[in-house]
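Structure first, commentary second.
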Amino acid sequence: MTTVAENRLEHLKVELADLVEPFAREVSRAAKADAVDPSYVDRFRETARRLLELNDELHEDDFDPRALAEFRGIIINAIKDVEDADPSRPLDTIDSILIRAEQLRHLVRDAMDGHVGGIGQSSEEVMENLHQTLPSIRRAELAALLGRSQRQVERWAAQSGPPPRRLELVARIAALLRHSWTEAGVVAWFFRPRPELRGKKPVDLLEDPARELDLLTAARRGRAQHAS
């Protein structure tokens, strides 16, 4: 069953695809004709309007603060590119729109991949999501990752109340990493020193609320680097 947040993110994904598809087609056509259709210059104003609407549709709950700020910054830069478009060089503006849209698409993908049901609502649901992400993890490993006794972790799996922050964070990071790492690799990621965390092990930073965004950012970058 999809959540409201997942539906919103899917809508953003569809909107971005719909926004860039005409420009992608025009790049392909222009490459063959060695010229851009002049009517595409008129599309830039409409594109700026749709980008503003897209910005208004963003929900803070769907992105971590850094990703949300990055998303809004890319939209602002895209609108500026459109407003400053040189009519004599429309292909430059089209290329810029496509590049910005690809950046936005990656942020939406990360938000969708890192989405975990039950965040802020149900320990039981978050635990179920974590077990689905790491189905083979041993109880002792899971307890070490969550920083609690095996008995406490088992209690969380049966509680309907709001989940502990550490449980939520581990589930979100694991959800991000699972798309590029093996299950064993996801677990190992937490226990190895990370250069982007100044040599600290992620597991040693999980209790520090001030490092939550650093950990999520490191997970997104680590996934991208591992996949490349």
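Reckoned from all heavy atoms, side chains included, excluding hydrogens, waters and symmetry mates.
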task = Show the numbers, then the answer: is there a side-chain contact (heavy atoms from CB on, under 4.5 Å) between E10 and V14?
result = CA-CA 6 Å; E10 182 63 33; V14 172; 3.9 Å; yes

inquiry  = Under the criterion side-chain contact (heavy atoms from CB on, under 4.5 Å), I'd like the reasoning laid out for L215 against I173: C-alpha separation, chi angles, the key distance, then a yes or no.
reply    = CA-CA 8 Å; L215 287 165; I173 291 173; 3.9 Å; yes

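Taken to the nearest 0.5 Å, the CE atom of M127 stands 11.5 Å off from the CD atom of Q132. One finds the CG atom of D62 at 7.5 Å from the CG atom of L12 (value rounded to the nearest 0.5 Å). Atom CZ of residue R151 and atom CH2 of residue W156 lie 15.0 Å apart, to the nearest 0.5 angstrom. The line from OG1 of T47 to CZ of F23 is 3.0 Å long, rounded to the nearest 0.5 Å. Here the CG atom belonging to L51 is positioned 10.0 Å from the CG atom belonging to D81, to the nearest 0.5 angstrom. Between the CG atom in L98 and the CD atom in E21 there is a gap of 11.5 Å [rounded to 0.5 Å].
Residue-environment remark: CD (E60) stays at or below the threshold of 12 foreign heavy atoms within 6.0 Å. Within 6.0 Å of CZ on R139 lie no more than 12 heavy atoms contributed by other residues, nucleotides or ligands. Atom CZ of R89 has 12 or fewer heavy atoms from other residues, nucleotides or ligands within 6.0 Å. Around the CZ atom of R138, the shell of radius 6.0 Å holds no more than 12 heavy atoms that belong to other residues, nucleotides or ligands.
Residues satisfying the ring-ring contact (aromatic ring centres under 6.0 Å, His included) test with F190, not counting sequence neighbours, are none.
V108 has its side chain within reach of F71: a pair of non-hydrogen atoms, C-beta onward, lies under 4.5 Å apart.
Partner of L54 under the side chain to side chain contact (heavy atoms under 4.5 Å, CB included) criterion, chosen from R72, E15, H11: E15.
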Extract all donor-acceptor atom pairs below 3.5 Å that involve side chains of residues 115-122 and protein atoms in other chains or at least two apart in sequence.
residue: H115; atom: NE2; partner: T3; partner atom: OG1; Å: 3.0
residue: S122; atom: OG; partner: E124; partner atom: N; Å: 3.4
residue: S122; atom: OG; partner: E125; partner atom: N; Å: 3.1

Name the atoms and distances for all side-chain donor-acceptor pairs under 3.5 Å in residues 198-210, with sequence neighbours left out.
residue: E207; atom: OE2; partner: R148; partner atom: NH1; Å: 3.2
residue: E207; atom: OE2; partner: R166; partner atom: NH1; Å: 3.1
residue: D208; atom: OD1; partner: A210; partner atom: N; Å: 3.0

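Among all heavy-atom pairs drawn from D86 and T93, the shortest one is N-OG1, 4.3 Å.
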